[in-house]
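Here the structure comes first, spelled out in structure tokens, and everything after it is commentary.
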Number of protein chains: 2
Amino acid sequence: MPLKPGKAVRGSNSGRPIMVLLDALGQRWTLRIIWELRDGPHTFRLLQSRCEAVSPTVLNTRLKTLRSLNLVETTSTGYALSQQGEALLEKLSPLNKWSEDWAKTL
Amino acid sequence: MPLKPGKAVRGSNSGRPIMVLLDALGQRWTLRIIWELRDGPHTFRLLQSRCEAVSPTVLNTRLKTLRSLNLVETTSTGYALSQQGEALLEKLSPLNKWSEDWAKTL
DNA sequence: ATCGTTGCTATCTTTTTAGTAGCGAGGGGC
DNA sequence: GCCCCTCGCTACTAAAAAGATAGCAACGAT
């Protein structure tokens with residue numbers, strides 16, 4: 001059951017891209033993996049250690065999904081964000097700054 | 001174990017706000033709930049039906065978390081994004097358009 | 001008082017995620 | 001060739017989260 005725009009996902013059978021995206025990003029570690037790839041390619045094991053020892057089972061599952069969604073690709077030096085992945089990260093990276101301001105209000 | 005900036009979350013004990021945020025948003029339905037609140041307050045049950053019958057158990061858990069994170073608040077007409085929640089949604093809403101372009105590349 | 005709707009809890013099942021061990025492939029040194 | 005190390009990754013099992021369903025107490029309108 002691969003995740004793919006146009007296909008139903010959990011919680012939405014519309015197949016609308018945003019729903020597919022929200023479903024993918026809502027799986028644990030997905031957002032984090034994209035985040036950790038922000039400064040360049042990482043090997044599987046390095047990525048694993050950056051994500052505080054996420055289990056290889058999950059990491060590999062996520063990487064498979066992210067590759068099938070064309071957000072991550074394998075390079076000679078390890079896993080890296082694809083062009084699309086970079087674009088997505090660009091949309092997400094303002095969250096870093098925002099989250100710090102947000103934290104102050106708590 | 002409430003989610004809160006400054007405190008360890010699963011996968012990061014740094015307490016950095018971005019990690020707390022990524023952890024929160026990476027829980028299933030969280031992103032979707034924020035998304036569904038984009039056009040105004042909704043009652044618990046309406047929100048539930050908008051999220052294609054998400055179980056009340058999970059919905060309530062998420063709403064509790066989102067309230068404790070100051071992203072959602074209760075109003076006379078139901079659950080609504082707080083000021084912070086609106087700000088977050090603003091950061092996320094470009095994803096809708098982006099996701100459509102992205103979907104074309106698949 | 002009855003009815004419908006609300007937010008929500010209790011209970012149980014299923015799915016997902018976590019944790020750990022270790023394999024086969026490849027590279028380097030010798 | 002052989003040893004040793006690191007690599008990506010799979011297998012297996014345990015724990016945690018999410019899903020599904022039933023239903024209760026509180027409120028408002030009739």
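To find a chain, count down the sequence lines: A is the first, B the second, and so on, and within it residues start at 1.
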So does Trp29(A) get a side-chain nitrogen or oxygen closer than 4.0 Å to the phosphate oxygens (OP1/OP2) of dA18(C)?
-> yes
Hey, does the side chain of Arg10(B) come within less than 4.0 Å of dA16(D)'s phosphate (OP1/OP2), counting only N and O?
-> no
Given Asp39(A) and Arg50(A), is the salt bridge (Lys or Arg N to Asp or Glu O under 4.0 Å) satisfied, shown in steps?
-> CA-CA 12 Å; Asp39(A) 55 358; Arg50(A) 282 209 165 207; 3.3 Å; yes
Rounded interatomic separation in angstrom, taking CD from Gln27(B) and P from dA18(C) | 11 Å
In whole angstroms, the gap separating P of dA18(C) from CZ of Arg32(A) amounts to 11 Å
Among the clusters formed by ILVMFWY side chains lying less than 4.5 Å apart, do Leu46(B) and Val58(B) turn up in the same one?
-> no
Nearest heavy-atom pair of Arg28(A) and Arg10(B): which atoms, and what distance?
-> CZ-NH2, 2.6 Å
Under the side-chain hydrogen bond (donor to acceptor under 3.5 Å, both in side chains) rule, collect the residues that match up with Asn96(A), sequence neighbours excluded.
-> none
The correct set of residues in residues 42-70 of chain B placing a heavy atom under 4.0 Å from DNA chain D is Ser55(B), Pro56(B), Thr57(B), Val58(B), Arg62(B)
Determine whether Leu59(B) and Phe44(B) make a side-chain contact, defined as any pair of heavy atoms from C-beta on separated by less than 4.5 Å.
-> yes
Do Lys7(A) and Val20(A) have side chains that get closer than 4.5 Å, going by heavy atoms?
-> no
